[in-house]
S.K.: 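Supplied in structure tokens, the structure appears directly below.
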Amino acid sequence: MRCFNYISETLSQDEIIHYQNSRLRETIHWAWAQNGFFRKRYTEAGLLRLHDFCNASDLVHIPFTNKVDFRDTYPLGMCCVERRLIREMHMSSGSTGSAIVMAYTAPDIEQWGECMARCYVMAGASEGDAVQITPSFGLFNGGFGMYHGAQSAGLFVIPTGSGNTERQIKLAKDFGTKILCGVVSYAIRIHEVMNAKGIELPDLKVGIFGAESFSEGMRKRIESQLGIEAFDIYGMTETGGVGTLGMDCQEHNGIHVWEDHYYIEIIDPVTGKNLPDGEQGELVVTSLSRQAIPVIRFRTGDLTKVISREKCACGRTHTRIAKIAGRTDDMLIVKGVNFFPQQVENALMEIPGVLPQYQIVIEETDGVRDVRINVEADESVTGYMIEKHLKERLGFSPKGDVFKPGELPRQEEGKAKRVIYKVNGQ
Ligand code: DLL
């Protein structure tokens with residue numbers, strides 16, 4: 001087994017727990033000492049002395065934080081270091097509210113690079129391999145995170161950034177890109193343009209994709225279309241960006257969370273109570289090694305479960321969580337049935353002839369909601385087939401509209417907008 005950091009990636013669970021306890025203590029103490037936001041929160045929660053916090057079992061007494069805290073403290077209200085120590089920032093605007101900012105000290109950037117480099121090596125990258133980074137190099141964390149990791153792992157970076165798909169493909173061919181990184185929907189776009197232009201990329205072997213709903217059906221589809229092995233990479237602005245929370249290994253049986261850098265809990269999103277392994281709930285993250293803006297019991301809004309804490313067949317020991325099933329605020333309710341967009345994606349990908357471009361249109365007329373699925377497919381697929389399959393798989397029957405390849409709108413940049421709301425026809 002090749003690892004970027006063999007010792008850390010193969011610690012025993014006992015060693016991980018021991019390490020996490022001491023790092024948790026340090027993180028809580030650090031935040032308390034450095035920033036009034038955290039101090040006020042802890043005092044309000046009745047945690048009067050730092051010594052009350054000893055190890056992970058005391059974490060339940062620490063209040064949660066969430067996206068609202070980041071927004072309320074914009075721009076740097078949760079920052080725990082002097083401004084002169086900040087070296088970089090990233091920001092996500094999200095779909096609602098003001099921006100969420102993450103700041104980095106030099107050691108934070110190194111930590112990010114380490115997490116991301118572990119992901120590259122886990123996907124099979126070796127020194128000098130060409131990695132093409134397709135997310136933008138800007139406020140979105142995707143481009144820079146993939147860059148920092150590639151530098152740490154000793155890869156040859158092709159920093160195309162987003163857009164201009166034809167040029168992306170030309171560069172991938174000319175420079176022998178082995179690893180393609182980006183948001184999930186951009187992998188589909190690359191394949192479409194390759195197909196249309198009749199170009200092949202014989203050197204391309206690995207895809208590292210994330211940032212959006214990523215069903216297993218979609219992962220397999222991308223693998224077969226591009227003839228590569230595709231990995232599901234996870235992370236978010238608040239935890240420090242892409243790759244900080246881990247990726248699936250070559251077993252493709254869950255995301256290895258870098259547990260020496262992050263402590264995870266799964267909670268019931270309604271009661272806030274911790275859930276046992278195997279039960280799906282909301283992921284809560286505490287960072288163990290971040291200086292500028294540590295996250296403490298941060299409610300990610302992402303739904304997943306712990307799959308296993310046993311050593312994986314790949315040799316790594318870090319806990320595996322399931323693919324992100326959706327976000328707590330993503331759940332759609334139509335005619336009394338609850339579902340997540342990813343369930344629709346997975347079901348669509350099971351239908352032969354259906355292509356990976358789709359939209360979920362929620363139509364609300366005079367307060368009554370209906371759902372329509374627009375999907376591109378070849379001539380063998382009918383709307384009735386879509387409706388019937390979704391009925392079998394999801395228990396309700398949205399209207400299915402089949403479009404010819406190329407008819408649905410495409411995005412050259414950023415995360416795809418799969419769910420569209422129309423109220424009274426608007
Ligand atoms: O999307 C970081 C990233 C960039 C991950 C590139 C992977 C590749 P944010 O813009 O802050 O950061 O969005 C974070 O995106 O809370 C999830 O809801 C979603 N997300 C990220 N990765 C995945 C994934 C980046 N692999 C939010 N599967 C997270 C499903 C994902 N959802």
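First listed ligand is number 1; within each ligand, the first listed atom is number 1.
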S.K.: What orientation do His252 and Phe231 show, parallel under 30°, tilted 30 to 60°, or perpendicular over 60°?
M.R.: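 If you compare the ring of His252 with that of Phe231, the planes turn out tilted.
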
S.K.: Using a heavy-atom cut-off of under 4.0 Å, does the side chain or the backbone of Thr237 touch ligand 1, or both, or neither?
M.R.: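 It is both backbone and side chain that touch ligand 1.
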
S.K.: State whether the shortest distance between N or O atoms of Lys415 and N or O atoms of ligand 1 falls below 3.5 angstrom.
M.R.: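 Min N/O separation from ligand 1 is below 3.5 Å for Lys415.
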
S.K.: Is it the case that Tyr234 and Asp302 place a side-chain donor and acceptor less than 3.5 Å from each other?
M.R.: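 Tyr234 vs Asp302: donor-acceptor pair found between side chains.
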
S.K.: With ring centroids as reference points, do Tyr42 and Phe53 lie under 6.0 angstrom apart?
M.R.: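 They do not qualify: ring centres at least 6.0 Å apart.
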
S.K.: Do Ile233 and ligand 1 have an N or O pair less than 3.5 Å apart?
M.R.: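 Yes, there is a polar N/O contact under 3.5 Å.
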
S.K.: Below 3.5 angstrom, do we get any N/O pair linking Ser213 and ligand 1?
M.R.: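 No; the residue has no nitrogen or oxygen that sits under 3.5 Å from a nitrogen or oxygen of the ligand.
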
S.K.: Show which atoms of ligand 1 fall inside a sub-4.0 Å distance from at least one heavy-atom site of Gly210.
M.R.: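 Under 4.0 Å from Gly210, ligand 1 has these atoms: 7 (C), 8 (C), 26 (N).
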
S.K.: Distance to 0.1 Å, residue and atom name: give those for the protein heavy atom nearest to atom 3 (C) of ligand 1.
M.R.: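 For atom 3 (C) of ligand 1, the nearest protein heavy atom comes out as Val242 CB, 3.7 Å.
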
S.K.: For ligand 1, note which part of Ile255 has a heavy atom under 4.0 Å away: side chain, backbone, both or neither.
M.R.: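 The answer is neither; Ile255 stays 4.0 Å or more away.
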
S.K.: Between Lys323 and Thr304, is any pair of side-chain heavy atoms under 4.5 Å apart?
M.R.: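 A side-chain contact under 4.5 Å is absent here.
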
S.K.: With ring-ring contact (aromatic ring centres under 6.0 Å, His included) as the rule and sequence neighbours excluded, what pairs involving residues 253-281 come up?
M.R.: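 For residues 253-281, and leaving out neighbouring residues, the ring-ring contact (aromatic ring centres under 6.0 Å, His included) pairs sorted by first residue read Trp258-His318.
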
S.K.: Could Lys335 and Phe396 be counted as a cation-pi pair, given that NZ or CZ must be under 6.0 Å from the ring centre and within 45° of the axis?
M.R.: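 Here Lys335 fails the 6.0 Å and 45° test against Phe396.
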
S.K.: Relative to ligand 1, is Asp302 under 4.0 angstrom through side chain, backbone, both or neither, heavy atoms considered?
M.R.: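 The answer is the side chain.
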
S.K.: Going by heavy atoms in the side chains, are Ile208 and Leu180 under 4.5 Å from each other?
M.R.: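 They are not in side-chain contact.
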
S.K.: If hydrogens are left out, which of Gly414, Gly301, Ala211 has an atom nearest to atom 7 (C) of ligand 1, that is, the closest non-hydrogen atom?
M.R.: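 Answer by nearest heavy atom: Ala211.
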
S.K.: If you have a sec, work out which protein heavy atom is nearest atom 12 (O) of ligand 1 and how many Å separate them, to one decimal?
M.R.: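 In this structure, atom 12 (O) of ligand 1 has Asn141 ND2, 3.2 Å as its nearest protein heavy atom.
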
S.K.: Flag Gly241 as yes when one of its N or O atoms lies below 3.5 Å from any N or O atom of ligand 1, and as no otherwise.
M.R.: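 N/O-N/O distance under 3.5 Å: no.
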
S.K.: Would one find an N or O of Thr300, backbone or side chain, under 3.5 Å from an N or O of ligand 1?
M.R.: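 Between Thr300 and ligand 1, no N or O pair is found under 3.5 Å apart.
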
S.K.: If you measure only the distance, is there a donor-acceptor pair under 3.5 Å linking the side chains of Ser397 and Glu387?
M.R.: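 On atom types as modelled, these side chains do not qualify, holding no pair under 3.5 Å.
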
S.K.: Give the atom numbers and elements of ligand 1 that come within less than 4.0 Å of a heavy atom of Arg327.
M.R.: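 Answer for ligand 1: 16 (O), 18 (O).
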
S.K.: Can you report which non-hydrogen protein atom sits closest to atom 28 (N) of ligand 1, along with the distance?
M.R.: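 In this structure, atom 28 (N) of ligand 1 has Glu212 O, 3.3 Å as its nearest protein heavy atom.
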
S.K.: Is it possible for you to check whether Arg87 lies under 6.0 Å from the centre of the six-membered ring of Tyr104, through NZ or CZ, and within 45° of that ring's axis?
M.R.: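 Geometry flag: not set, cation outside 6.0 Å or 45°.
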
S.K.: Considering only non-hydrogen protein atoms, determine which one is nearest to atom 14 (C) of ligand 1 and report residue, atom name and distance to 0.1 Å.
M.R.: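 Nearest protein contact, heavy atoms only, for atom 14 (C) of ligand 1 is Met236 CB, 3.5 Å.
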
S.K.: Could you tell me which atoms of ligand 1, counted from 1 in the order shown, lie closer than 4.0 angstrom to a heavy atom of Asp232?
M.R.: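 Taking each heavy atom of Asp232 in turn, ligand 1 has 24 (C), 26 (N), 28 (N) under 4.0 Å.
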
S.K.: Answer with yes or no after comparing the ring centroid distance for His90 and Phe140 against a 6.0 Å cut-off, counting only values under it.
M.R.: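 Centroid distance His90-Phe140: not below 6.0 Å, so no.
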
S.K.: Is the contact between Phe140 and ligand 1 made by the side chain, the backbone, both, or neither, using heavy atoms and a 4.0 Å cut-off?
M.R.: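 Just the side chain.
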
S.K.: If only side-chain N and O atoms count, and only distance matters, is there a donor-acceptor pair under 3.5 Å linking Ser215 with Gln342?
M.R.: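 Side-chain D/A pair, Gln342 to Ser215: absent.
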
